Each structure stands twice: as C-alpha cells, then as structure tokens.
Amino acid sequence: MNKIFADFNNSDEHGRVRLNNHGTLNDLREKNIILEDNLEIMLSDDDGLESKGIVRFSNEEDIWVAEMD
C-alpha cells in the first residue's frame, strides 16, 4: 500500500483529509501515484501518526480527499 504525507488538521466538513497540500502533492509526484476513487492509501504525518484511507473525489471542493478508517 502506498504511503503519502497527509495533514490530518486539513479536513473537510465530513472529516475527510484533503489531499491538496504541498507535502502530499510532492509525495504523489515522487512516487508516481495517480489518485482515483476507492484507491486504498496509507496517510502519514511528520509526527508518526498513520491511518489507512480510501481516496474519494470531492465534487464540493473539486479536490481529492481521503476517508480514514
């Protein structure tokens, strides 16, 4: 399972983590990860916090987000 940086404080009103910050975009580019609906991904921050997530597209914000387990 691919692991990418996530800012767990950057969540939408549904509690989904937004995947649009600089660290996340860098990881996606460096690891050649293409986001798509239902992709399982490991989210990780700089403090060692990790969570599995399912990628979804937010039509409300026009960005990719991850629903966490």
Side-chain angles (χ1 to χ4, degrees):
M1 180 178 307
N2 289 311
K3 183 190 292 189
I4 61 170
F5 175 81
D7 179 355
F8 293 106
N9 294 313
N10 183 18
S11 59
D12 67 11
E13 63 185 29
H14 305 289
R16 304 174 301 185
V17 176
R18 293 179 180 103
L19 303 177
N20 65 343
N21 66 51
H22 186 68
T24 302
L25 296 175
N26 279 346
D27 275 356
L28 293 171
R29 186 174 41 258
E30 289 174 7
K31 297 176 182 181
N32 295 315
I33 300 170
I34 307 274
L35 296 179
E36 58 185 40
D37 278 320
N38 300 314
L39 177 68
E40 292 185 17
I41 200 150
M42 181 64 70
L43 306 169
S44 178
D45 71 3
D46 290 334
D47 296 322
L49 182 63
E50 291 187 348
S51 177
K52 289 182 186 176
I54 304 294
V55 174
R56 307 276 187 232
F57 189 76
S58 170
N59 290 315
E60 299 161 343
E61 296 187 58
D62 198 33
I63 60 171
W64 291 101
V65 296
E67 295 176 352
M68 292 183 289
D69 286 350

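What you see is a predicted model, and the numbers here were worked out from it, not measured in a lab.
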> Name all pairs fulfilling the salt bridge (charged side-chain N to carboxylate O under 4.0 Å, His left out) condition that reach into residues 5-31, sequence neighbours left out, sorted by first residue then second.
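Non-adjacent pairs meeting salt bridge (charged side-chain N to carboxylate O under 4.0 Å, His left out): D12-R16, R16-E60, R18-E61.
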> Output every pair passing ring pair (Phe, Tyr, Trp, His ring centres under 6.0 Å) with a member in residues 34-54, not counting sequence neighbours, ordered by first then second residue.
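Sorted pair list comes back empty.
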> Could you list all the ring pair (Phe, Tyr, Trp, His ring centres under 6.0 Å) pairs where at least one residue sits in residues 32-53, not counting sequence neighbours?
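Residue pairs with at least one partner in residues 32-53: there are none.
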> Please, which pairs that meet side chain to side chain donor-acceptor pair (under 3.5 Å) have at least one residue in residues 34-55, sequence neighbours excluded?
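Qualifying pairs: K3-E50, N38-R56.
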> Around atom NE2 of H14, are there more than 12 heavy atoms of other residues, nucleotides or ligands at under 6.0 Å?
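Counting other residues, nucleotides and ligands, NE2 of H14 exceeds 12 neighbours.
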> Just how far is it from atom CG of N20 to atom CD1 of I63, taken to the nearest 0.5 Å?
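Reported to 0.5 Å precision, the distance equals 4.0 Å.
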> By the rule that ILVMFWY residues connect when side-chain heavy atoms come within less than 4.5 angstrom, directly or transitively, which residues belong alongside L35?
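I4, F8, V17, L19, L25, L28, I33, L39, I41, L43, L49, V55, F57, W64, M68, listed by chain and number.
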